[in-house]
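Lettering follows sequence order; numbering is per chain, from 1.
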Amino acid sequence: MVIRATLAMSGVLLAGCSHNNQPANIIRIGSASPLSGPQAHLGQDNANGAQLAVDDINAAGGIILAGKTYRLQLLAEDDQADPKIATTVAQQFADDDVAGVIGHLNSGASIPAARVYDDAGIPQISPSSTAIAYTHLGFKTAWRVMTNDSQQGSALAQYATRNLHAKRIAVVDDRTAYGQGLADEFARAATTNGAQIVDREYTTDHATDFLSILTSIKASAPDVVFFGGMDPQAGPLARQMRQLGLNAQLLGGDGVQTDQFIKLAGQAADGTIASNPGLPLDQMPGGARFKREFTTRFGPIQNYAPYAYDAVYVMANAMQRAQSADPAKYLPMLASTHYQGVTGNISFDRHGDLAQGTVTLYKVINTHWQPLTTLTNTAAH
Amino acid sequence: MDIFLQQLINGLVLGSVYALIALGYTMVYGILGLINFAHGEITMIGAMLALAVITHLTGSALPIPVILLAGLLTAIAGCSALGLLIERIAYRPLRHAPRLAPLITAIGVSIILQNLAMLIWGRQYISFPPLLPQGWIDVAGARLTDVQLIILITSALLMLILDSLVRRTPLGRAMRATAQSPRLAGLMGIDANRIIAVTFVIGSSLAAIGGFLVSAYYGLAHYYMGFLLGLKAFSAAVLGGIGNIRGAMLGGLLLGIIESLGAGYIGPLTHGLFGSNYQDVFAFFVLIAILIIRPAGLLGESTADRA
């Protein structure tokens, strides 16, 4: 099987350029994330994180499988955060016979792509998709190294009701698989904990004007406004809350807990509370080293780069244990992963979710995110 | 708090920006019969140029109004030059080509500008430095912020100036003559190329100001922002009657109000069947409705001779 895969790969290379003497001992893995459009900064961050891991593995001598040394090669593709394009990218990876895929960034892209990867038998490890559905579709190829929305949503709801003593909560989401999923999980858990959802509003992942929905929300006088979505929307949302004099606590998930959010919201960012799965970068086991390495090469970390980095290592680790880069051989090995990565201990439950979902809550104080508390949540669906 | 009044204010502010941008579409269409689909991107470039200058000057010793003005003037100058350039190299060679050719060229120019902006300013959202006044006034229970007030006054003034320019000055008369018949206007000694150039400069300047106001209002700019903004302003121009300047103003204001009230009330009115995420749909719903019911637009005259 190893020989077959290698032959197939060299066949692809030969077909591409007939007189290329490129050695066949290359394992190609794909990275899929939005490299253009409003979330391009996050997408490039994921691709950079994966690239750094690939380069680190190669610099340390590559992967030795059955006595032969392989180098990793990353193919970064742009899915534009668009579910339709995500399936095209996935099909392209399947046609290219990549050994595995790191991606996609958005749950809305990861979910439709998961079927394509499953059909092709290619393992997919998402560094950042948190929607529950992604790993619950029954595809054996779908994994993630990120806490899911159920774990994150209930941690946020727990914090809102117990620590913030919120009674009246307004919920806004951007109608993406991620935003809607997180908001639904949050609303469900908050209701269970005794809070009342006083208004439910919706926006899109391209919107910049929230005055209309915020005006409606203001009329229902909430204690907390929860936003399920990303920073390009959360930034102006926070500004416009301030502008309308809506003095409720703004609460969000990992899409909000970014430096870009603070940049976009400016002074209005102060006081916002948002969660991020896992530990703060500084408290991650390999955080300091990762930050140093990453920032010298690519500049500031946007958000999920450490997870993309770990995802590559988890994949390489499974290949190592299977002594093969053949997806059919190393896929079963992913299930028994016990890997100590930059972001923490990585092992999976039967769905392909993290066995231990850690969620850290942060608050913006003087235009900087300060960690408040870390909650561990093992109760996935 | 008065919710309805607040939504009305939100809509009016949004609408006056739409109106400013819609004017560019309508003026170019009025004279050339061309939908300049690159106009939205010119708005974006205006916002980007203004922000680049303002960000660069923030922290210097200059007083804040000077910084803002420098940004605005750079945007106006840059966009005027860009408008002229686009007209000269992309539209003028195709002036007598079939109607579809300049339309496709316009879309091409729009894609080029968008990608250029992405290369120059990157893919990130760029934030507007906190230079603007943060105050607000109470209007019968609703809030009108200083920035909103600035937008309302600026766009009202610009529209008044443009209206009297077109209706009362020799230049305006030449523009109207060229719009009616470029050939006959030429026989009367009007240089059509000059008038068209002036039209592009005025339209692009208004777009630059619109882009500046939008980025100041929402506190950000992005290489992609021109797309939706352009489409909505285009819808506004069609709503008012494309080719008609007062129509574009009316269409812009109406569209802003429809969008704002629509997003605010669609949820309760449909019992949650449709949510406020349909905010962007209203512009296009209005566009389709007006094309079916009154293709010439609210204030448009019959455009049979152009069709």
Side-chain angles (χ1 to χ4, degrees), chain A residues 34-44 78 172-176 179-180 199-221 230-233 235-240 242-246 259-269 302 367, chain B residues 1-11 13-14 17 114-115 118 122-130 132 134 136 138 142-143 145-148 214-215 217-225 227-229 256 259-268 272 274-281:
Chain A
L35 301 177
S36 61
Q39 294 173 26
H41 59 293
L42 296 172
Q44 191 62 53
D78 179 10
V172 185
D173 76 65
D174 66 0
R175 296 275 97 180
T176 61
Q180 188 178 347
D199 196 1
R200 183 78 202 248
E201 295 285 344
Y202 311 100
T203 181
T204 71
D205 58 347
H206 284 92
T208 46
D209 183 275
F210 308 99
L211 288 166
S212 299
I213 60 177
L214 289 174
T215 302
S216 303
I217 287 175
K218 193 179 174 187
S220 61
M230 310 296 283
D231 54 20
Q233 279 66 48
L237 181 91
R239 270 189 191 236
Q240 290 165 33
R242 192 66 62 97
Q243 187 182 326
L244 278 175
L246 174 53
D259 290 340
Q260 180 75 3
F261 166 73
I262 296 177
K263 257 202 225 160
L264 293 177
Q267 290 297 317
Q302 295 293 335
T367 63
Chain B
M1 186 189 70
D2 195 318
I3 304 172
F4 180 78
L5 190 62
Q6 185 70 59
Q7 298 287 26
L8 207 61
I9 291 176
N10 299 343
V13 175
L14 193 61
V17 177
Q114 210 179 86
N115 283 281
M118 190 182 84
R123 295 156 167 161
Q124 297 225 3
Y125 278 77
I126 302 170
S127 59
F128 201 97
L132 295 159
Q134 298 290 318
W136 49 277
D138 192 279
R143 270 193 181 200
T145 64
D146 293 350
V147 177
Q148 287 179 321
V214 164
S215 62
Y217 187 35
Y218 295 127
L220 48 83
H222 187 249
Y223 79 89
Y224 205 66
M225 66 186 275
F227 177 70
L228 201 56
L229 206 55
E259 228 184 88
S260 180
L261 291 181
Y265 290 101
I266 188 171
F274 294 105
S276 36
N277 50 322
Y278 285 84
Q279 178 167 9
D280 289 340
V281 177

Distance check, rounded to the nearest 0.5 Å: A/D173 atom CG versus B/N277 atom CG? 8.0 Å

Under 4.5 Å to a heavy atom of chain B? For A/T203 that would be backbone

Tell me, for A/R200 versus chain B, whether the close heavy atoms (under 4.5 Å) come from the side chain, the backbone, both or neither. neither

Give the member of B/D280, B/L228, B/T145 that has the highest number of heavy-atom pairs under 4.5 Å with chain A. B/T145

Checking the side chain of A/Q260 only, and the main-chain atoms of B/Y125 only, is there a donor and an acceptor separated by less than 3.5 Å? yes

Applying a strict 4.5 Å limit to non-hydrogen atoms, the region of A/Q240 in contact with chain B is side chain

Roughly how far, to the nearest 0.5 Å, is OG1 of A/T215 from CG of B/L261? 10.5 Å

Between B/Q124 and A/Q302, is any pair of side-chain heavy atoms under 4.5 Å apart? yes

Please determine, among B/G264, B/S276, B/G275, the option with the most heavy-atom pairs under 4.5 Å with chain A. B/S276

Kindly compute the distance separating OH (B/Y218) from CD (A/Q243), expressed to the nearest 0.5 Å. 9.0 Å

Hey, is the main chain of A/K263 close enough, under 3.5 Å, to the side chain of B/S127 for a donor-acceptor pair? yes

Under 4.5 Å heavy-atom distance to chain B, tell me which part of A/L35 shows up: side chain, backbone, both or neither. both

Most contact-rich option vs chain B, by heavy-atom pairs under 4.5 angstrom, among A/D209, A/T204, A/T208, is A/D209

So which part of B/I9 gets closer than 4.5 Å to some heavy atom of chain A, the side chain, the backbone, both or neither? neither

Stepwise, does the side-chain contact (heavy atoms from CB on, under 4.5 Å) test hold for A/Q267 with B/Q134? CA-CA 10 Å; A/Q267 290 297 317; B/Q134 298 290 318; over 6 Å; no

Please check if the side chain of A/S212 supplies one atom and the backbone of B/S260 the other of a donor-acceptor pair under 3.5 Å. yes

